[in-house]
2 protein chains.
Amino acid sequence: MTTRRSDATRAAILAAARERFAADGFERATIRSIAADARIDPSMVMRYYGNKEGLFAAAAEFDLRLPDMAEVTPGQAGSVLVGHFLQRWEGDDTLLALLRAAVTQEGPAERIRAIFAGQLGPLAARLAPDPAQAPVRAGLVATQMLGFALCRYVLRLPPVAGLERDEAVAWLGPTVQRYLTGDLRALPRS
Amino acid sequence: MTTRRSDATRAAILAAARERFAADGFERATIRSIAADARIDPSMVMRYYGNKEGLFAAAAEFDLRLPDMAEVTPGQAGSVLVGHFLQRWEGDDTLLALLRAAVTQEGPAERIRAIFAGQLGPLAARLAPDPAQAPVRAGLVATQMLGFALCRYVLRLPPVAGLERDEAVAWLGPTVQRYLTGDLRALPRS
DNA sequence: GTCTATAATTCGATAGAC
DNA sequence: GTCTATCGAATTATAGAC
């Protein structure tokens, strides 16, 4: 029994949940509104996912799908990564839902920590001059990428929200590159 | 009548509000809990601030107190600014309250936009090679500083939360420096 | 100024018919 | 599987006594 008759309904619920959680955050997104969007009864949500936290957990499964850096020139890793992040962020509501929820809920915060440590960490470990620095380097990349997403998609700071994608890559790429592979003592030319 | 007998009470309410909003976010921080912390009756909060939004607005007044960069070598602006931000963030709950609330409330989001545009923008205008680029440069600085605060104080990503202040300045300083004064085409050495 | 009492909503969650 | 009805809890906000 790999497929159930209710799979379509469950998928509709998750899609609506991702949209609502992304747009409103965890508290303000209500089970009632999610059910209305999915055109099903609110009690179905409880039946399938137990409670609101269970629904969020199911809706917030996420894979960064980081590109294989084997075919990328080491010096281009920063730009490639920034471009990938922007694409990943704009094509899917999940990261936005996760970010909005993580600010007030411990569960989603832990999920974000797991995603960045578990998926970005290994990439940093392969690129960093000293593998022992990988966690810090991955963390620094997270500060810049999450900060950019925060300002662009959540706070909508006009100058940041208005950047074209290639402008964003041009500005953030070197930053991420330095966090991944740069020497702490090698300061950029002013 | 520049002072009122109720000023002490009002100040106690605002201090408690900042703590609760910073720790719990806008929705989960309740007027009841804030009043309990301030050891006054919940109805006093309504009397003084009208409603929950009015209370938040009063509690979230904030001045970045950016240092006068006149006495700083232009090349040190990034590090000085990063150090100042960290200090400002750790000594006051207001920015944390503002960030947590801004993720789900439009009012606080607008407040953050105003703070960064109105206070960081002018500084960027004086330091940027081309004043026309000042808004974008200030916005980029915001992405890095807010992203760092998000990862360190809200999400508590271990590698970021564990950084010493001077380590943070050493990593972020050059990034902010480049956003403020760097040439887009001058990439840092890898 | 301060407090009690309560109105008015809203929401998560449950019980149970069909 | 689907829906109705509703419970129980929590919250903002108001009215009014003292």
Side-chain angles (χ1 to χ4, degrees), chain A residues 1-60 97 100-108, chain B residues 1-60 97 100-108:
Chain A
M1 206 205 323
T2 63
T3 65
R4 281 164 298 193
R5 205 174 64 191
S6 60
D7 279 357
T9 302
R10 302 175 87 102
I13 293 174
L14 289 187
R18 273 187 282 267
E19 275 189 35
R20 281 285 176 177
F21 283 131
D24 301 336
F26 185 83
E27 283 95 354
R28 293 183 47 191
T30 65
I31 290 180
R32 286 165 152 86
S33 67
I34 290 168
D37 289 351
R39 305 198 176 206
I40 53 102
D41 193 89
S43 63
M44 290 285 89
V45 177
M46 303 301 297
R47 179 179 176 86
Y48 289 144
Y49 299 102
N51 57 32
K52 196 176 178 181
E53 286 187 6
L55 171 62
F56 184 90
R100 276 214 157 96
V103 169
T104 47
Q105 299 287 320
E106 176 55 25
Chain B
M1 212 210 312
T2 63
T3 65
R4 283 164 298 194
R5 203 174 62 191
S6 60
D7 278 356
T9 302
R10 301 175 88 103
I13 293 173
L14 289 187
R18 272 188 283 266
E19 275 190 34
R20 281 284 176 177
F21 282 131
D24 301 337
F26 185 83
E27 284 94 355
R28 294 181 45 191
T30 66
I31 291 180
R32 286 165 150 84
S33 66
I34 291 168
D37 289 351
R39 306 195 175 206
I40 53 102
D41 193 90
S43 64
M44 290 284 89
V45 178
M46 305 299 297
R47 177 180 176 86
Y48 289 144
Y49 299 101
N51 56 32
K52 196 176 176 180
E53 287 186 7
L55 171 62
F56 184 89
R100 276 215 158 94
V103 168
T104 48
Q105 299 285 122
E106 176 55 25

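Residue numbering restarts at 1 for every chain, and letters A, B, ... go by the order of the sequence lines.
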Pairwise N/O distances under 3.5 Å, protein to nucleotides 13-18 of chain C:
unit_1 : atom_1 : unit_2 : atom_2 : d
C/dA13 : OP2    : A/K52  : N      : 3.1

> Can A/R28 be said to sit on top of A/F21's aromatic six-ring, NZ or CZ under 6.0 Å from centre and within 45° of the ring axis?
Replying inline: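 Checked: cation-pi criterion not met.
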Find the distance [X]:[atom1] to [N]:[atom2] and express it as a whole number of Å.
X: B/I40; N: C/dT2; atom1: CD1; atom2: C1'; value: 10 Å
X: B/R10; N: C/dT2; atom1: CZ; atom2: C1'; value: 15 Å
X: A/M44; N: C/dG12; atom1: CE; atom2: P; value: 16 Å
X: A/F56; N: C/dG12; atom1: CZ; atom2: C1'; value: 17 Å
X: A/R39; N: D/dT2; atom1: CZ; atom2: C1'; value: 17 Å

> Rounded to the nearest 0.5 Å, what separation is found between the CD1 atom of A/I34 and the CG atom of A/D24?
Replying inline: 8.5 Å
> How long is the gap from OH on B/Y48 to OG1 on B/T9, to the nearest 0.5 Å?
Replying inline: 5.0 Å
> Of all the nucleotides listed (D/dG1, C/dG1, D/dT4), which has the minimum atom distance to the side chain of A/D41?
Replying inline: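 Shortest atom-to-atom distance from the side chain points to D/dT4.
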> So does A/Y49 get a side-chain nitrogen or oxygen closer than 4.0 Å to the phosphate oxygens (OP1/OP2) of C/dG12?
Replying inline: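 No.
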> Backbone N or O of B/M46 within a donor-acceptor pair of the B/K52 side chain at under 3.5 Å?
Replying inline: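 Such a contact is absent between B/K52 side chain and B/M46 backbone.
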>> Strictly distance-based, threshold 3.5 Å: is any side-chain N or O of A/R100 a donor or acceptor partner for the main-chain N or O of A/A22?
In response: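 Yes.
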> For DNA chain C, what residues of residues 20-30 of chain A have any heavy atom nearer than 4.0 Å?
Replying inline: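 Under 4.0 Å from DNA chain C: A/A29, A/T30.
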> Got B/V103 and B/F26 here, is their nearest side-chain heavy-atom distance under 4.5 Å?
Replying inline: no
> Any side-chain heavy-atom pair from A/R10 and A/M44 closer than 4.5 angstrom?
Replying inline: no
> Just checking, any donor-acceptor pair under 3.5 angstrom between side chains of B/E27 and B/T104?
Replying inline: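 Checked: B/E27/B/T104 side chains pair up, N/O donor to acceptor below 3.5 Å.
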